[in-house]
Amino acid sequence: MAFVARHVDGPDADELMRLCRDQLAGYKRPREIRFIASEDFPRSTSGKIQRHVLETWIEREAN
């Protein structure tokens, strides 16, 4: 799964998937793309995105 911070005039999910098919090997392609506002990404005090929090969000949705 890919989390993407999208701008108003940015590409949509279909365009991104098409780009991934053209540019990435099959095992590197995301199965799903989710758009999140850049200010909604969970960040540490140093500003890095907290991947484990995103993984927790995915697990909660699955249950």
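Everything quoted here is computed from the prediction, not taken from an experiment. Note that these values count all heavy atoms, side chains included, but never hydrogens, waters or copies made by symmetry.
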Are any of the side-chain heavy atoms of [X] and [Y] separated by less than 4.5 Å?
X   : Y   : answer
R34 : E61 : yes
I36 : V4  : no
L19 : P11 : no
I58 : M1  : yes

query: Between D12 and R6, what is the shortest heavy-atom contact and its length?
result: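 Heavy-atom minimum between the residues: CA-NH1, 3.7 Å.
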[atom1] of [X] to [atom2] of [Y]: how many Å apart, nearest 0.5 Å?
X   : Y   : atom1 : atom2 : answer
S44 : Q50 : OG    : CD    : 5.5 Å
M17 : E32 : CE    : CD    : 8.5 Å
H52 : E59 : NE2   : CD    : 11.5 Å

Single-linkage hydrophobic cluster, 4.5 Å side-chain cutoff, I33 and W57 together: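 I33 does not cluster with W57.
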message: Same cluster or not: F3 versus F35, using hydrophobic residues (I, L, V, M, F, W, Y) connected whenever any side-chain heavy atoms lie under 4.5 Å apart?
response: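 Different clusters: F3 never reaches F35 through Ile, Leu, Val, Met, Phe, Trp or Tyr contacts under 4.5 Å.
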query: Around atom CZ of R51, are there more than 12 heavy atoms of other residues, nucleotides or ligands at under 6.0 Å?
result: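 No.
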field: Any residue meeting side-chain contact (heavy atoms from CB on, under 4.5 Å) with A5, in chain and number order, not counting sequence neighbours
entry: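 side-chain contact (heavy atoms from CB on, under 4.5 Å) check on A5 returns S38, F41.
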task: Kindly write out the residues that satisfy side-chain contact (heavy atoms from CB on, under 4.5 Å) with A37, not counting sequence neighbours, or none if the list is empty.
output: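 A37 satisfies side-chain contact (heavy atoms from CB on, under 4.5 Å) with E39, D40 once adjacent residues are dropped.
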